[in-house]
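Residue numbers count from 1 along this sequence.
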Amino acid sequence: MGQNLQKKAPIYEALEQFRKMRVVPFDVPGHKHGRGNPELVKLLGQQCVGIDVNSMKPLDNLCHPISVIKEAEELAAEAFHASYAFLMVGGTTSSVQSMILSCCKRGDKIILPRNVHRSVINALVLCGAKPIYVNPDVDHHLGIALGMKVSQVEQAIKDNPDAVAVFVNNPTYYGICSDLKTIVTMAHEYHMKVLVDEAHGTHFYFGENLPISAMDAGADMASVSMHKSGGSLTQSSLLLIGEHMNVGYVRQIINLTQTTSGSYLLLSSLDISRRNLALRGKEEFQKVMDLAEYAREEIEKIGGYNVFSKALINGNSVYDFDSTKLAIHTLDIGLAGIEVYDILRDEYDIQIEFGDLGNILAYLSIGDRKQEVERLVSALADIKRRYQKNSTGLLSQEYITPKVIMTPQDSFYAEKESLKLEDTVGRICSEFVMCYPPGIPILSPGEEITEKILDYILYAKKKGCSMTGPEDAKIEHLNVIKER
């Protein structure tokens, strides 16, 4: 296969052919090409609703593809330098969980950083694997977790030679990358698989002067959020497979949890987006990097804001930096990131990706233009002029080392009781608490609740972070393991 074959989009082409056939539908979905739901057609358009169809012979079947979906997956594998690629319609959450369930069973150890997305720990709840956490380094001024030091990973591997896999975030939400190639080499020497959450790294496969991609680093599996920087529809993702994985077994694992009614809107968006990136990704992502660099320079001129850049690179816990990421530290102007996030939306009609306690992230991708970046820069200058205040008393700490007492599965399913937040100190949590985005748990099932963690939760609530996870939607109570 080559560049000429990358011009193909087999699922899209099959849907176009299907559209021309004017097939009479006596199958699902029940809206029957939109006729049964005119309001839906008005919202989405006939073009869209008309191809919201079910699996059928001409369109293949996602659970067991033999024709157009199989061809689309093979084209995706070639474009992403993988041995095989699965089209995923349950988001990168589904891809991440399939990676872990493919390698881990109950009682198995998996080495991972604690600042993972909740989908990772959810997978440990499902399969009963035991996490061996490598605490990431922290930049105390910026208040962010960095990558994993090679020496820490090496120590964790030597201390747990029976672990089955090493899991790596690459890049983090903020664009921080670990030394992935060295970690892969080290893990493989101990016969451990390497699983990479590459949700924010689609562009690594196509841009130049960007950090190494998981497949090029020799990883065994990688989850790629095509809908983030790759341009496909929300909830569509790819699961990339290295040469030493059993593709048939991974398919069986995916089919344990993924829908049997894969959306052709999502599948065709993956197919078209892969083609677009394969043909035009290099120049498109160069434009994104140029935009990000322009934004960094202009925001630095404002003063008071600290914009993340390659200056963070230290050769270890920040081995590399994703220069498409526009992350900005706001505490020096006396505002929490979440406060700037709210002001940008409420006062300036600018929706950024997220704000945490100390930083904001404006997500740049192939759909952005210079005029929108100029509007953001102008708004940040205005916010500094109108809202700047003393930063005394602002918290920045984004990572608190957990005290792990039980596995996520054992604690999640244990007998529990609900206590008021202030009464939970010293108890073992049996549920999640996190700010979303970014969806990294402050507390996970099986961890001891400390004063420091409670202070953090109360402060984040007060500042307006969107808190999720607990059974109690108001987050005034937490479920803890019942004491005998």
Side-chain angles (χ1 to χ4, degrees), residues 1 3-80 84-95 98 224-227 230-239 247-248 250-280 367:
M1 288 202 285
Q3 191 75 351
N4 279 340
L5 275 172
Q6 286 295 328
K7 292 177 182 174
K8 296 191 69 175
I11 298 172
Y12 164 73
E13 290 157 13
L15 283 167
E16 284 296 292
Q17 185 62 33
F18 169 81
R19 197 199 297 279
K20 291 173 189 167
M21 289 168 66
R22 302 173 64 86
V23 170
V24 179
F26 284 108
D27 61 350
V28 295
H31 61 66
K32 305 291 172 135
H33 300 181
R35 288 195 298 271
N37 198 338
E39 290 90 347
L40 189 64
V41 178
K42 190 175 177 185
L43 175 68
L44 299 178
Q46 186 57 53
Q47 284 278 97
C48 179
V49 179
I51 57 167
D52 179 39
V53 290
N54 193 34
S55 293
M56 58 185 77
K57 276 193 175 178
L59 297 179
D60 210 355
N61 186 306
L62 184 60
C63 296
H64 187 85
I66 56 171
S67 58
V68 293
I69 294 176
K70 186 169 189 285
E71 188 182 348
E73 290 187 332
E74 288 168 349
L75 286 166
E78 185 196 46
F80 284 82
Y84 199 79
F86 292 96
L87 305 185
M88 305 293 287
V89 294
T92 305
T93 288
S94 180
S95 298
S98 296
V224 176
S225 274
M226 276 289 273
H227 69 93
S232 65
L233 290 177
T234 296
Q235 205 176 304
S236 58
S237 178
L238 292 175
L239 176 56
V247 169
V250 174
R251 174 88 66 191
Q252 286 185 322
I253 293 291
I254 292 168
N255 287 341
L256 288 176
T257 54
Q258 185 163 263
T259 178
T260 54
S261 306
S263 165
Y264 278 89
L265 301 176
L266 299 182
L267 292 172
S268 59
S269 84
L270 282 169
D271 200 21
I272 293 164
S273 300
R274 180 271 314 152
R275 179 173 68 177
N276 180 48
L277 295 184
L279 300 180
R280 291 178 285 277

Return yes if some donor-acceptor pair links the side-chain N/O of N54 with the main-chain N/O of P29 below 3.5 Å, else return no. no
If you compare all heavy atoms of L270 against all heavy atoms of S232, which two are closest, and at what distance to 0.1 Å? CD2-OG, 4.0 Å
Nearest heavy-atom neighbours spanning R35 and P38: O-CD, 4.1 Å
Closest approach of L279 to K7 (non-hydrogen atoms, all atoms of both residues): CD2-CG, 3.8 Å
So, using side chain to side chain donor-acceptor pair (under 3.5 Å) as the criterion, who are the partners of K32 when residues are at least two apart? none
Check for a donor-acceptor pair, side chain of S236 on one end and backbone N or O of V89 on the other, with a separation under 3.5 Å. no
Applying side-chain contact (heavy atoms from CB on, under 4.5 Å) to M226 and L277, what does each step give before you reach the verdict? CA-CA 10 Å; M226 276 289 273; L277 295 184; 4.0 Å; yes
Over all atoms of both residues, closest heavy-atom pair of P58 and A14: O-CB, 4.1 Å
Can you list the steps and then say if L5 with L75 is a side-chain contact (heavy atoms from CB on, under 4.5 Å)? CA-CA 8 Å; L5 275 172; L75 286 166; 4.1 Å; yes
Could you state the interatomic distance from CZ (R251) to CG (L256), rounded to the nearest 0.5 Å? 13.0 Å
Side chain to side chain donor-acceptor pair (under 3.5 Å) involving S225 - partner list, sequence neighbours excluded: T92, K228
Any Q235 side-chain heavy atom under 4.5 Å of S263 side chain: no
Hey, does the side chain of E73 reach the backbone of Y84 with a donor-acceptor pair shorter than 3.5 angstrom? no
Test: salt bridge (charged side-chain N to carboxylate O under 4.0 Å, His left out). Region: residues 256-274. Which pairs qualify, not counting sequence neighbours? D271-R274
Any donor-acceptor pair under 3.5 Å from N255 side chain to C63 backbone: yes
Scan L239, L266, I11 and name whichever one has a side-chain contact (heavy atoms from CB on, under 4.5 Å) with L87. I11
In Å, rounded to the nearest 0.5 Å, how long is the span from CG of L40 to CG of D52? 8.0 Å
Minimum heavy-atom distance between I51 and L265, given as atom pair plus value: CG1-CD2, 3.7 Å
Within this structure, what is the OH-CG distance for the pair Y264 and L15, rounded to the nearest 0.5 Å? 7.5 Å
Could you tell me whether R19 and E16 have a side-chain N and a carboxylate O separated by less than 4.0 Å? yes
Would you find a donor on one side and an acceptor on the other, under 3.5 Å apart, between the side chain of E13 and the backbone of A9? yes
Starting at CG of N37, measure out to NZ of K42 and round the result to the nearest 0.5 Å. 12.5 Å
Which heavy-atom pair separates Q258 from G90 by the least distance, and what is that distance? OE1-N, 3.8 Å
Between the side chain of R275 and the main-chain N/O of K8, is any donor-acceptor distance below 3.5 Å? no
Applying ring pair (Phe, Tyr, Trp, His ring centres under 6.0 Å), name anything that partners Y12, two or more places apart in sequence or on another chain. none
OG of S67 to NZ of K57, rounded to nearest 0.5 Å, is 10.5 Å
Taking side chain to side chain donor-acceptor pair (under 3.5 Å) as the test, write out the residues that go with S98, two or more places apart. none
Is a side-chain N or O of Q46 found less than 3.5 angstrom from the main chain of V41, in a donor-acceptor match? no
Verify salt bridge (charged side-chain N to carboxylate O under 4.0 Å, His left out) between K70 and E74, making sure each step is shown before the conclusion. CA-CA 6 Å; K70 186 169 189 285; E74 288 168 349; 2.9 Å; yes
side-chain contact (heavy atoms from CB on, under 4.5 Å) evaluation trace for F86 with S237: CA-CA 8 Å; F86 292 96; S237 178; over 6 Å; no
Does anything in residues 25-52 pair up under ring-ring contact (aromatic ring centres under 6.0 Å, His included), and if so which pairs, sequence neighbours excluded? F18-H33
